[in-house]
Number of protein chains: 2
Amino acid sequence: MKKNFEEMSYDELLTEFKNIIKANGLKFTSQREAILRTLYDNPQHFTSENLYMLVKQRHPDLTIGIATVYRTLALLEENSLVSSISLGIQGKKFEIANKPHHDHLICKECGKIVEFGNEKIESLQHQIAKENGFELTDHLMQLYGVCSECKKET
Amino acid sequence: MKKNFEEMSYDELLTEFKNIIKANGLKFTSQREAILRTLYDNPQHFTSENLYMLVKQRHPDLTIGIATVYRTLALLEENSLVSSISLGIQGKKFEIANKPHHDHLICKECGKIVEFGNEKIESLQHQIAKENGFELTDHLMQLYGVCSECKKET
DNA sequence: TATCATATGACTATCATTATCAAAAAGGTG
DNA sequence: CACCTTTTTGATAATGATAGTCATATGATA
């Protein structure tokens with residue numbers, strides 16, 4: 001039973017996070033809150049390292065280590081509060097999962113990510129699955145290319 | 001100017017490889033040939049490590065190191081003779097690029113993989129890239145679901 | 001607030017990939 | 001074929017992202 005966190009406010013997400021924490025016998029900490037807050041306020045794609053630095057910048061009083069960022073991102077991802085994409089050589093990036101479903105267009109040169117949604121493709125995917133006797137539950141679609149700015153630089 | 005290597009025989013691929021090598025002022029070596037040959041004879045997805053072991057097995061007289069496998073895969077990929085996909089935690093996998101383009105429908109229960117191609121989706125992807133100022137070079141599309149056999153077993 | 005399990009940060013370990021470098025091999029050239 | 005130059009090679013070290021370890025700190029519960 002997968003939760004749907006689309007369009008949730010920060011308070012709603014926080015409540016969900018606390019419920020998940022409680023349900024798993026874990027503890028609510030200021031580090032975990034700071035990470036969720038930072039992800040919420042900056043709905044972009046972060047590497048673990050980028051997020052670590054931004055959390056420190058936004059919460060100067062808080063001591064936090066990179067290991068905690070990795071651990072918290074893993075916890076959030078397991079519970080579908082953040083989603084991630086793997087970008088080969090450029091590493092793994094995370095984003096908060098309170099946005100409507102979308103796929104990614106990725107620049108191979110600079111790593112820029114553009115989000116898009118396309119109903120026609122979604123419906124074709126379901127059709128393909130159906131034709132093959134599959135019940136579609138999920139998909140991964142990443143388009144790779146070179147963005148206009150990187151094309152100029154060539 | 002991207003070459004299309006679909007349906008090429010081994011000899012044709014080898015000739016292409018030699019041309020690429022010559023055009024770049026590089027040298028043709030038995031290690032490079034063994035890697036191409038092994039990829040051709042085994043049109044599956046390999047990690048660098050898997051491929052390294054298979055090449056050694058199939059060419060016992062040849063000395064070859066893992067570094068050469070990495071270097072040759074990079075060379076082949078740069079020149080579109082092999083393609084790769086990044087599978088998150090499962091790492092990067094390579095396959096020879098003489099097959100018609102296809103995507104994958106994957107059963108989450110039994111791991112069965114069905115290959116499919118869909119022109120409409122391809123053309124929509126190009127359209128999306130264009131709308132965002134990207135020049136599309138590649139894409140990754142994997143559909144996840146439950147196949148008919150696994151549905152029965154539930 | 002006392003207790004105790006979990007979380008933390010600093011550190012170390014791991015793993016895939018990449019870089020280094022001396023020795024070997026390719027491939028022109030005469 | 002022998003020579004010469006450049007590239008390639010394998011072994012190994014280096015790297016960098018992520019995961020594990022552990023003593024201490026900190027939440028949650030009573």
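Below, chain A is the first sequence line, B the second, and so on; all start at residue 1. Quick note: numbers below take in every heavy atom, side chains included, and nothing from hydrogens, waters or symmetry partners.
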Divergence of helical axes at both termini of the helix from C:dT1-D:dA30 to C:dG30-D:dC1 - five pairs an end, 10° steps:
30°

For the pair made of CG in B:Leu75 and C1' in C:dT18, what is the distance, rounded to whole Å?
16 Å

Does anything in residues 28-39 of chain A pair up under side-chain hydrogen bond (donor to acceptor under 3.5 Å, both in side chains), and if so which pairs, sequence neighbours excluded?
A:Arg37-A:Asp41

Output all residues satisfying side-chain hydrogen bond (donor to acceptor under 3.5 Å, both in side chains) with A:Glu78, sequence neighbours left out; order by chain, then residue number.
none

I need the CD1-P distance between A:Ile66 and D:dT18, as an integer number of Å.
8 Å

List for me each residue that meets side-chain hydrogen bond (donor to acceptor under 3.5 Å, both in side chains) alongside A:Gln127, sequence neighbours excluded, and say none if there are none.
A:Glu131

Taking CD in B:Glu119 as the centre, count heavy atoms belonging to other residues, nucleotides or ligands within less than 6.0 Å. Is the count above 12?
no

Is there a side-chain contact between B:Leu81 and B:Leu39, using heavy atoms and a 4.5 Å cut-off?
no

On DNA chain C, compare the nucleotides closest to B:Ala67 and A:Thr68; which residue's is nearer the 5' end?
A:Thr68

B:Asn50 CG to C:dT17 P, in whole Å, measures 11 Å

D:dA25 C1' sits how many Å from A:Leu62 CG, rounded?
13 Å

Taking only residues at least two apart or on different chains, which pairs with a member in residues 41-74 of chain B satisfy ring-ring contact (aromatic ring centres under 6.0 Å, His included)?
B:His45-B:His104

Residues two or more places apart in sequence or in another chain: which of them pass side chain to side chain contact (heavy atoms under 4.5 Å, CB included) with B:Lys18?
B:Leu14, B:Phe28

Note: for B:Arg71 and A:Arg71 on DNA chain D, the residue whose nearest nucleotide lies more 5' is B:Arg71

Just the rounded figure in Å: distance from C1' of C:dG9 to NE2 of A:His59.
18 Å

So which of residues 17-36 of chain A are in contact with DNA chain C, with a heavy-atom cut-off of under 4.0 Å?
A:Gly25, A:Leu26, A:Lys27, A:Thr29, A:Gln31, A:Arg32

Short side-chain N/O contact to C:dT18 OP1/OP2 from B:Tyr70, under 4.0 Å:
no

If I take atom CD in residue A:Glu49 and atom C1' in nucleotide D:dT15, what distance separates them, rounded to the nearest angstrom?
14 Å

With A:Ser123, which residues qualify under side chain to side chain contact (heavy atoms under 4.5 Å, CB included), at least two apart?
none

Base, sugar-phosphate alone, or nothing: which one does B:Ile64 contact when heavy atoms must sit under 4.0 Å apart?
sugar-phosphate

Length of the CG-P vector between B:Leu76 and D:dT8, whole Å:
13 Å

Tell me: CZ of B:Phe46 to C1' of C:dA16, nearest whole Å?
18 Å

With sequence neighbours excluded, residues passing side-chain hydrogen bond (donor to acceptor under 3.5 Å, both in side chains) with B:Asn50:
B:Thr47

